[in-house]
A.B. asks: 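Handing you this structure, nothing more for now.
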Amino acid sequence: MHEVSICAAAVRAAVAKAEEMGGRRIAVLRLRIGALAGVVPEALDFAYPVVCRGTLAEGSRLELEHVPVRCLCEPCGKEFSPQGAVYACPSCGVPSARIVSGRELELAQIELE
Amino acid sequence: MEDRLIVDFAQAVLAENDRMAAALRAEFDRRGLFCVNVLSSPGAGKTALLERTLADLAGQIPTGVLVGDLATDHDAARLRGKGARVVQVTTDGYCHLEANMVRAGLDALGLDGLRLLIVENVGNLVCPASHDLGEHARVVLFSVTEGEDKPLKYPTLFKTADLVLVSKIDLAEAVEFRREEALAAVYGVAPQAEVLEVSAKTGSGLEHWYAWLRERLQPRV
């Protein structure tokens, strides 16, 4: 359940920005979550209203943008979207450790009222 | 809605943690200290491995250990008296260590004179994956009693491993451990990782683990 601390970190940064902008309320908070970020979206949804309580983000909506995993196969020099836990190249079958995207855990954007 | 203001961030949610971790790593480098983050599920044998490692390396490599646990200092107590400096970090229910907890633990430990810092993370194969602690390498333990497909079940963490230690190898026969299947799972999920098979009880394979550590020690400063 480290999603609580992840939500809290995102809300902290968003609230600091909202305060900087004259204390406007946050309406929407958007996160980009890679499939390999190690977070469970449902747990974020569950934690979000709790960590927003009593802040400028209270009552705001959490929107998640999911980023799929992309790998590079070094022998083939091609990018691919892996299926399952073993990131085997669809052309040559060699498992790839070169993860191009999918580890994102980013505060993307906020909307202020 | 017309007067809503959109503010773009595109910053890591854990930017604060990442900054602190980068500062820790810079400090380790300045001091010529190699830091490993040791991870596994609860009961895979992290503390047993470290007990044996500290005893075997005593007097050879000045070592400090930070031990993370949800509660109690039982693990730190097991590791004391073996020639290393040991500090327990209790996370008060947190399921993983964060860089600020490591920072606080290091203030208690003191880094002067150390060449190796071992951070024993909270037993958990999920949450610690996201948090950089300033380590130079991640070591993931996976015991023969846990099932050959463990890496397939927890790929996110295994994909961050530099070294996978298959632990409790002395029990392999008793639990009918299917070695080829387990090694194939590790290789498939974590092709970047080196793999060693070890037993903290019999000492089997430990010379390779010690060699792995020695190769990574930084030159004395």
Side-chain angles (χ1 to χ4, degrees), chain A residues 1-14 16-18 20-22 24-40 43-44 65 69 71 73-74 82 84-89 93-99 102-113, chain B residues 1-20 39 70 91-101 121-122 124-132 149-162 164 184-194:
Chain A
M1 271 305 281
H2 63 312
E3 284 80 359
V4 176
S5 60
I6 284 166
C7 261
V11 169
R12 208 160 44 233
K17 179 58 83 177
E20 215 180 285
M21 310 292 283
R24 295 173 69 156
R25 296 197 69 81
I26 296 167
V28 185
L29 186 150
R30 297 194 172 92
L31 297 181
R32 297 183 77 227
I33 306 291
L36 262 184
V39 298
V40 179
L44 286 178
E65 181 197 335
V69 177
C71 288
C73 175
E74 286 185 333
V86 176
Y87 296 171
C89 170
V94 172
S96 169
R98 286 281 306 274
I99 294 156
R103 287 204 158 116
E104 293 81 353
L105 178 51
E106 289 172 6
L107 173 56
Q109 198 178 61
I110 54 174
E111 271 184 37
L112 300 175
E113 281 176 353
Chain B
M1 291 282 185
E2 66 278 0
D3 59 348
R4 274 202 184 172
L5 180 65
I6 293 191
V7 183
D8 285 313
F9 277 88
Q11 71 175 41
V13 170
L14 299 177
E16 224 173 295
N17 183 81
D18 293 347
R19 263 196 304 276
M20 196 172 289
L39 308 114
L70 297 174
T91 62
D92 283 334
Y94 257 53
C95 48
H96 60 278
L97 286 174
E98 298 192 358
N100 62 343
M101 301 176 194
N121 218 310
V122 178
N124 182 333
L125 282 177
V126 182
C127 309
S130 317
H131 289 83
D132 185 357
D149 59 352
K150 201 82 184 228
L152 297 165
K153 288 179 174 164
Y154 297 91
T156 303
L157 185 77
F158 277 90
K159 283 178 190 298
T160 69
D162 297 289
V164 173
V186 175
Y187 174 66
V189 170
Q192 79 287 350
E194 284 183 53

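Keep in mind that this is a model prediction, so the values were computed, not measured. Below, chains carry the letters A, B, ... as their sequence lines are ordered, and counting in each starts from 1.
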A.B. asks: Using non-hydrogen atoms and a 4.5 Å limit, figure out which bit of Gln11(B) sits close to chain A: side chain, backbone, both or neither.
C.D. replies: both

A.B. asks: Shortest non-hydrogen contact from Val13(B) to Ala9(A)?
C.D. replies: O-CB, 3.6 Å

A.B. asks: Which atoms of Ala13(A) come close to chain B, meaning under 4.5 Å heavy atom to heavy atom: side chain ones, backbone ones, both, or neither?
C.D. replies: both

A.B. asks: Relative to chain A, which of Lys153(B), His131(B), His96(B), Lys159(B) shows the most heavy atom pairs under 4.5 Å?
C.D. replies: Lys159(B)

A.B. asks: Working to the nearest 0.5 Å, report the span between OG of Ser130(B) and CG of Leu105(A).
C.D. replies: 6.5 Å

A.B. asks: Is any residue of residues 24-31 of chain A within less than 4.5 Å of chain B by heavy atoms, and which ones?
C.D. replies: Arg24(A), Ala27(A), Val28(A), Leu31(A)

A.B. asks: Report, as yes or no, whether the 6.0 Å neighbourhood of atom CD on Gln192(B) holds more than 12 heavy atoms from other residues, nucleotides or ligands.
C.D. replies: yes

A.B. asks: Between Ser96(A), Pro95(A), Ala97(A), who has the most heavy-atom pairs with chain B when the cutoff is under 4.5 Å?
C.D. replies: Pro95(A)

A.B. asks: Restricting to ring-ring contact (aromatic ring centres under 6.0 Å, His included), what partner residues turn up for Phe9(B), sequence neighbours left out?
C.D. replies: none

A.B. asks: Quick check for you: among Asn17(B), Thr156(B), Val126(B), which has the greatest number of heavy-atom pairs under 4.5 Å with chain A?
C.D. replies: Thr156(B)

A.B. asks: If you round to the nearest 0.5 Å, how far is CD of Glu113(A) from CG of Leu5(B)?
C.D. replies: 11.5 Å

A.B. asks: Does a side-chain heavy-atom distance below 4.5 Å link Thr160(B) with Arg103(A)?
C.D. replies: yes

A.B. asks: Is Tyr187(B) in contact with chain A via its backbone, its side chain, both, or neither, using a 4.5 Å heavy-atom distance?
C.D. replies: both

A.B. asks: Mind listing the closest non-hydrogen atom pair of Val86(A) and Gly188(B) along with its distance?
C.D. replies: CG1-O, 3.4 Å

A.B. asks: Does any heavy atom of chain A fall under 4.5 Å from the side chain of Ala12(B), the backbone, both, or neither of them?
C.D. replies: both

A.B. asks: Side chain, backbone, both or neither: which part of Ala37(A) has a non-hydrogen atom closer than 4.5 Å to chain B?
C.D. replies: backbone

A.B. asks: Would you name the heavy atoms of Cys127(B) and His2(A) that are closest together and state the gap between them?
C.D. replies: SG-ND1, 3.2 Å

A.B. asks: Check each atom of Arg32(A) against the heavy atoms of chain B and say whether the ones under 4.5 Å are side chain, backbone, both or neither.
C.D. replies: neither

